[in-house]
Structure formats: C-alpha cells, structure tokens
Amino acid sequence: MYAFGYHRPGSVADAVKLLADHPDAKLLAGGQTFIPTLKQRLAQPSDVIDLGGIAELRGIRAEGDNLVIGAMVKHGEVMRDATVKSMIPALADMAGVIGDTQVRNRGTLGGSISNNDPAADYPGAVVGLGATVITDRRQIAGEDFFTGLFETALEEGEIVTAVSFPKPVAAAYEKFRNPASRYAMVGVFVAKTAGGVRVAVTGAGPCVFRLPEFEQALSTNFAADAIQHLNVDASGLNADIHASAEYRAHLIKVVAKRALAKIR
Amino acid sequence: MATNGIGSSVKRKEDLRFITGSGRYTDDIQLPHQAYACFVRSPHAHATIGSIDRSAAEAMPGVLGVFTGEDVAADGLGGLICGWMVKSKDGSPMKAGPHPILAHGKVRYVGDHVAVVVAETLQQARDAAEAVIVDYGVLPAAVDVAKTHDSGIEIHTDIPNNLVYDWEIGDKAATDAAFANAKHVTRVELINNRLVPNAMEPRAALGHYDAGMDAYTLYTTSQNPHVARLVISAFVGIAPEHKLTVIAPDVGGGFGSKIFIYAEECVCLWASKKVRRPVKWTADRTEAFLSDAHGRDHVSVAEMAMDENGQFLALRVNTKANMGAYLSTFSSCIPTYLYATLLAGQYKTPAIYCDVQAYYTNTAPVDAYRGAGRPEATYLLETLVEECAKDMQLDPAEIRRRNFIPKDAFPYQTPVALQYDTGDYEPCLDKALELADYAGFPERRRQSEAKGKLRGIGFSAYIEACGIAPSAVIGSLGAGVGLWESAKVRFSHTGKVQVLTGTHSHGQGHETTFAQLVASKLGVAYEDVDVIHGDTSKTTVGMGTYGSRSLAVGGEALVKACDKVIAKGKKIAAHLLEASEQDIVFQDGNFSVAGTDRSKSIGEIVFAALVPHNYPPGLEPGMEETAYYDPANFTYPSGVYICELEVDPDSGVVEIQKFTAVDDFGNVINPMIVEGQVHGGLAQGIGQALLENAVYDESGQLISASYMDYTMPRADDLPSFVVHTTAGTACTHNSLGVKGCGEAGAIGSPPAVMNAVADAIGTRISMPATPEKVWRALQKTQLAQAAE
Ligand SMILES: Cc1cc2nc3c(=O)[nH]c(=O)nc-3n(C[C@H](O)[C@H](O)[C@H](O)COP(=O)(O)OP(=O)(O)OC[C@H]3O[C@@H](n4cnc5c(N)ncnc54)[C@H](O)[C@@H]3O)c2cc1C
C-alpha cells in the first residue's frame, strides 16, 4: 500500500463533499476488491473515504412493489433478510452464491455494482430484474448503469446510495463458477416481470448483457423447453485459461435452462 | 503407556499451538533493529540486463542499501548449486548454467531476482524497489519444454539446444527386441501438468550477522536446515559453516518446495552483514507463485509391448522434462533417479527402457514437489496400463493382477535399478475392489445414466520409493550428499527426555510420532518426551525431511539411539543390582535381572547416570546417546486406488463420487497421522488431476499467478475419502518395519482420477480435466458418432 489520508464521514452529503475536495480520493465500501488493489499497489489514491459510518446507506426496505437495498448492505444480509426472501427470493439466492462467508460478510451491493467486475453476480440481478440504481444525485436504469468492462455510468464524485428492485412475477439465478475464483464464469438471471421477460447474462462477456432471443422465446413459454432450439453466438464473449468464448456461449444456454428449471 | 505407544492414534501435540495461533513461524520472529528486504524482480522471461540505476532508490527515506548481482560478484560469492550430477548417455556431465543469488548480466524467468533493497520498513523497501531502474534488453523466450530444443534461443551460454542432459536407463536392446516380437503394443502420449506447490506459509527469511561474535544466524522456511547451512557456507560462501546457525522454526507446509536453497535467504544473510542489521524478507503470494520451485512439467511418450494374454513384455518411455531457467537444488535427480527407476511399478515387466531429455526454459525452476518423479512415473504407467486393458479387452483389475510381481518373488530386482525388498500387491487390490464395491459399479452406472450423467471408474496401482538411500549407492549415481539421518536421546535428572532429530517437521507431526516411538522403546511417559528439530545449533547434523524419509530413516536412527540408551542402562543396572550385564533384561521401562523380581526403573538408572554416586567404575556418567543411520535400501510402499466419478455431459463438470485408497505402508506408528497424510496427498493428487495448472503464455508470463486463476482444491471439490491401511508387508531392512506415507496420496491418485474420467467419457484427455476439456472431448465423440 501507498500512504493515503483516511476519512470516515457520517453522511452522504459529507462524503460527496470530501470527494469534491479531494479529486484523487477513492471510496471504500466492503474493501473486498479495493483493499487487495491497494495492497498490491495497483491504486494510489490520495485519500480513502470510508462509507462504513453512513447510516443512510444501510437498510433493506419494501417500498410498495419495490425492494430498496442500501449501497452498504452486505451480501450476507441480503442472503438472510426476510423481506428479500419473501419479495425476491432469487435475489437472496444470488447473494448467497457470491464468494464465501467472509466475503459475503464484508462485500456490499454498492461496492459490487460500482466496481462492475465482468464476473460479478450482482450486475446480473440488477439488469435481470430491471432495477434502478439510486445515487446521491439521480436515478439510473440498471441497464444504463453498466457501460463496459469495469465501467459504469457513475460520474466523478458520484456515490451509489441504494438500488431499487421491482418485485418480479418469478425469477431465478443460476451460476457456473469459475473453478479458481468462484466468481461467475457464466451467470444467468431470468425474470418474468411486469414489463416482460428479462434474461441477463454476467461473467460471459466484458459486461453484463441481455439476451433478446431468449427473452422473446420465453415470453410465450417461460420454461427451459422454450430455449432448447436456440444457440448463443460466441463472438464478443470472454476467453481465458478457464473457458473459451465458445464454451461460455454453450454454458449460457445450459445455465439459463437450469435457472428456468428452478422456477416451479 | 500402551495407549500412547506405537500403533495408537494419539492426537498431535503440535496442533494445540497451530490451531490456537501460537505457532512460531519465521515471519513471527522479530529481532531488535530488524530491517526489511524487498526484491526487484524481472518482469521479463528473458532479457539482458544493461545498467541498473539505483541512485534514486538509495536516496529514498529509510533505505539502508541497494544491492545487485555486481555486488555479489564483487564479494566473490558463489552461486546456488544443483546437488546431483546426472550424466548423459555419452557419459558427459549435465550442463548446469550459473545461478547467482542476484542476476548477473541476464534474467531468465519472470520473477528472477535482480536486486534487493534493504530499508527500515517494508513500505520503504517497496517504495525504493520501485525506484530501481533496470535497463532490460528483452529477448525471445523459450517456454514450452516440447519446443525449447529447436527454439534457437540460448538461455545459458554454451548450452546448445538448452539441453541439460540426455539420460537413459534400462536395456534398450532387450526392450526393442521384445517390442519386435510383441503381439500388441499400446501407446500413450502424456503431459504431466506443471504445478505450483502453494504451501500455506510463503517462504520467508531473516538473516542476522552478529559482528561481535562474527557469527551468522539465518531463520528460514526450510525442510532441511543443515543442508541449507552446508550450501550457504560451502558453495555460496557467505559464512563458514561453524559460524552459521540455520533455524527453521515452525514451517507451514513445504511439499518439497522448501527443500531447496533459494536466492532470497542467501541474500538476506549476506545483506545483513553489509548493512549490519538483521534483514527480513517474507514472500507475498505473488512472489510465491513466481519464484517457488514448481513441480512436474513432463511431456512423454510411453509404449507397452504385450503378448496375446496381456502379459507385459516390455516398456519403452521417452520423457522431456522442463527444468525451468536454473537447476534448483535437487532438480536433476527428479526426472531421472526418482522417476524412471519407478517405471516397473508393481509389475514384472521384464524389459524397460527410458530416456529423458531435461531442458532449460524461461520459466521458474522445477524441482521436487510431493512425490517428486514418482507421481510422474505412476501417472504414465497407470494410464498406459489402463489403456492396455482397454486394447486387450481385459478388466483393468485383471490386467494388473496378471502382471503383478508375485508375492514369492521378493526381494525383486526391477529392470530399472531398484530392488524391492518386500511387497504383496493382490491383497491391496482385493481390499480396494471390496471397499469400492466394484461389483456394484455397473448398477451405479445405470443409475447415473438414468439421470443423464456419465459414470466412470478408474484404477491406479502405485509403487513408491521412500527414504532414498543408501548413501554409497546414491553417491555412485551422482548425489552430492549422503542420505543418512541422525538422532539424539538426552535424559535429564528428572527422567525427562529430549529427542533431537535431524529431520524437520512442517506438518508431518514428528513431535507426536517420535515421542510415541521413544515412549514405546524406552518405557517412559509419552508426555515426558519432547522432540526438538530445525535448529542447527541444537540438533545433531541431519539431512531434513522429504521423500517420506523421516520415519524410515530418522525414526530408525532414533531407535538406534534408544538401543544405545538401553545398552548403557544395562551396564548401570548390572552394577546397581549386582548382577552380570548379560543377565539384565529391559522391558517396559524396567531393567531387571532375568528370572528374579529385582529391577530398576529407567528413571532410577538415569538418575544414577547423572548422580553417579554408586556407579560402574570407568563408565561415563550421563545418559545422552546419538546414533546415525544409513539405510540399506529405499522402502517401497504400495497401494491400489480406485476413483469413481460422474460427469455432467451438459457442462463437462466432473464430480468425484467415491475415492478408495488402500495402502501398504508396512508398520504404522500413528494411524491417525498416516490417514491425515493420505488425505492431504489425495487432495493434492486430485487437485492435479482436475484443477491445478501453472500456465505460462508464449512470452513467459505466468498467467495463473494468483488464486483467481490457479485452482487449488477446496473441501467441496473432494469427496469423503475411504482410506484403508492394510496389515501390509513390513519393510525388511529397518527394525521398525516402516516404509513412509507422506507422498503416496499424491502419487497414486492422479491416474485413478484420469482413468475414471476416460472411462466415463470414452476418450482420454490431459490433466487437469477442466469442464471445458471434458465438454470438448464429448463434443468430439458425439460429432464422430454422428458422422458414423
Ligand atoms: C475472495 C473473493 C471472492 C469473491 N467472489 C465473488 C463472487 O463470487 N461474486 C461476486 O459478485 N463478487 C465476488 N467478490 C467481490 C465482492 O463480493 C464485492 O462485491 C466486491 O469486492 C466489491 O464490493 P466491496 O463492498 O468490497 O467494495 P470495495 O472493494 O470497497 O469497493 C469496490 C469499488 O467500488 C467503489 N465503491 C464502493 N462503494 C461505492 C458506492 N457506494 N458508490 C460508488 N462507488 C463505490 C470503490 O471506490 C471501489 O472502487 C469476491 C471478492 C473476494 C475478495
């Protein structure tokens, strides 16, 4: 680690001000990605602003048909929370397959989506459910939030405060783990929502994406059979020592079918 | 006493401190005024070093010194050595390039140690290391062992084709003749994947030069501190041996990777004298991936000649072994004397020939890793045997049974130098078949098929050679050291015992096993025995721990020391009991006059020896006995492993359903520790078969240099093992009848897994059997079937 200044503001407003005052500052949430990055000297922020002291970033609440989860809510909380389990059980399932117990007890929703690791699970749920990302200054549709590899729509100094997930009719998440990292090599979130069927794929490409052909086929029949005849194009998918693009394309269908099979 | 003696599963003494975090590892040791080292490492696989500009680094806060290969050369230090001279077919010695402790003129792999910064704090050392400017002239890299010969790349000056040696063993003419007359020949081409050892504790070193005493102390993560002392003094030349203490305190796993003498520990010791401060270095995980010696990395072709009944007539093998960029301490003997000599396996194959070409590449050095050569031999042979069974349409158990060395053929001289003293292979096979419920496999396969899964079963019948010896023989084969072991048993006034051993425990549980042994032999309380190891200033000279040698060699030395205690005790007892020495018998801790009830306990005898008021005239006081033991032969554990697994054809995922391991380890001191050793070995072997792979790209960058990409086996990757140790065949040349169990699991398991995968999917793939590889193989067979 390089030396940096440390701040622990008590409100989002104070955090925003600190960010404005220190242009080379970085936010710290659960630290599961950021701390290792610092330790490996891959980042050299002038200041670190710890969001851990901000009460308004915590909490899970139902707002009508929406489930609003604070940016600093940990994966473990989402996995165990009764409101999440009753409104969107698929989201609790998704949180439960992130990393391991230690990671789930530190890593946060805000940190995960702001980092936008192509292999992260949350982007699948945010896009798959058609959720809205709420920041200190605006609301961003989930689909517009994830813009590319480790890229988001967040502006300089903008802070994610919560995500609002609309309650779907039915939804499920299935993940094929990278054998080494256990992140998603392919993760598919399927949801039948008020606005139609959504299929979001994470892990397979440089950034989460939807599969319109699958969505269309599933609109008339929301079951694994409906996509049996479809194939996924491998072009543009990730390739690494664990899986080629072709294999990932194949897995997307296998995993999508498994997700659909979970919906009774 | 009996409850803690030989044969009982005593809980491990050392675990209390390990589990409660009170272990004392190298990095836990803090010396006053300690400074920190950070190494500048090569980002290139192959490059010339032009100038090194250290001025900026030297000017940075806290920096005590920046040293490079030029300083090493200026101080006249020697380099790291490879301690086993292997000769090529033509009699010429192997070609070993220099291995300086800081690179001189050239770097040869990513992670090569170029310079060191010593500073007041670790952060300052790191900061300054980033400011050292090295002018690299990047050269093309040779990475793949199969291509290095013709790459046109010269890694070491005057070593043509990067060929270290071209070695052979066995009777080529007889083998070729048997092939000419064979009814059938089965052939396989195999890659044995490169592995990173990944001990939980990374390597660390703390060097301390004491100017007042003109003495050196090195705390280091070593499996053999005396060998480290020898190499550092006699070859690197940093300190004279009598002025150097090497201490390997608690060591958190080695698996071979901490046998070797590495640059970093030498540099810390040397730099300590230069800056007149203790100098500490602890590898981070990335450094461990890049610079710990790796394991395996062979490319082989193997052929078996058979008669019409599947009897093996001859085995012919060619292997190309990747040695990495430098020859690590014992690297040369791994793909030769610890590999090809094992190719007879459990079979009476009459003729065997193997030649091995060892190559330099621009990768991390490769050396012994759990099993060291023997897993490579077993993987090759047991894969080939399973393919032979398939070709001859024989049951894999049956073809093995037909070719086993019969029980009455021991001692058995193999065609590849080794002589097995004892063994009996069929009982292990029978037990494994029973425990694995082999008879029920077809039904289980049907059940899997009904669920849309492919089920497979695979065998492996391994042989291991442990406790490499005798010294005279290995010396004649090129070893630079003797492989005896030493032990000392020292009593104090109160009858407590200190056992000093030259072996080193880094997870094996010697503090328990050796205490059990001494308690049994001398009839003292198990709790009264303390085992001391890992400090050259305390223990007798020793050769350390590797190759499953600690009990078979070190334990036997301990028995010999106990025998000396008993012999001396008899003299004292005869005096005290006014009997003749010949009439004294020793049993269960008592010296008694045969046929009488007159006796003295060992405590009384020891007290008499240390307070010799009434004592045999002329006899030395004290009770402290040392013994050295040089075994007559290796020991030969063996076993049969059966793996049963399911493949999901949709995703290619392999799931092990059952793993049965039946081993003959000879006599066993602590069955629980033995079972634990087998479990760990199985985890590593299954890891190699399904998960682990060290991958370099074409430019020589290690792509799998973190746990994000290097797949370590986790608990949920493994089934609950069925482990059974047979009554076995006791080793004939040590009094304990023990063989060694540390590596068996890692040796026997990879072929069992891969044979099961092949059985499930109907074709053979290379390790690791990743989901994608399995899926692709299935795609291919489906396409082929569709085309038919
Ligand atoms: C061993 C391990 C295994 C893991 N496995 C998985 C897995 O299987 N699946 C998965 O999805 N993830 C996995 N993760 C990632 C983990 O779950 C976290 O989601 C992730 O590390 C980021 O969350 P964090 O709270 O730790 O954020 P941090 O590491 O603290 O921050 C990450 C980035 O986001 C920024 N940031 C944080 N909060 C905000 C905010 N509110 N507004 C704007 N920017 C913000 C930070 O500045 C930083 O750049 C794993 C991590 C580890 C260490």
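In what follows, every chain begins at residue 1, and chains take the letters A, B, ... in the order their sequences are listed.
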Chain A: which of B:P771, B:G652, B:S704, B:S706 shares the most heavy-atom pairs with it under 4.5 Å? B:P771

Heavy-atom pairs under 4.5 Å with chain A, option from B:V695, B:N693, B:D709 with the top count: B:D709

Option passing side-chain contact (heavy atoms from CB on, under 4.5 Å) with B:D697 (candidates B:I703, B:V143, B:L702): B:I703

Under 4.5 Å to a heavy atom of chain B? For A:R248 that would be neither

When A:Q40, A:M1, A:K39 are compared by non-hydrogen pairs under 4.5 Å with chain B, the top option: A:M1

Residue-level contacts of residues 230-243 of chain A with chain B, using a heavy-atom cutoff under 4.5 Å: A:I241, A:H242, A:A243

If I measure from the heavy atoms of chain A, does [X] come under 4.5 Å with its side chain, its backbone, both, or neither?
{"X": "B:S651", "answer": "both"}
{"X": "B:R776", "answer": "side chain"}
{"X": "B:E692", "answer": "neither"}

Residues A:E174 and A:K257 bridged, charged N to O under 4.0 Å: no

Is any side-chain N of the basic residue among A:E215 and A:K192 closer than 4.0 Å to the acidic one's carboxylate O? no

Are A:R41 and A:Y2 in a cation-pi contact, defined as NZ or CZ under 6.0 Å from the six-membered ring centre and within 45° of the axis? yes

Taking the six-membered ring for Trp, are the ring centroids of [X] and [Y] within less than 6.0 Å of each other?
{"X": "B:W281", "Y": "B:Y36", "answer": "no"}
{"X": "A:F176", "Y": "A:Y183", "answer": "no"}
{"X": "B:H44", "Y": "B:Y109", "answer": "no"}

Give a yes-or-no answer on whether the side chains of B:S766 and B:K773 include a donor-acceptor pair shorter than 3.5 Å. yes

Pick one: which of A:R104, A:R177, A:R182, A:K175 meets salt bridge (charged side-chain N to carboxylate O under 4.0 Å, His left out) with A:D121? A:K175

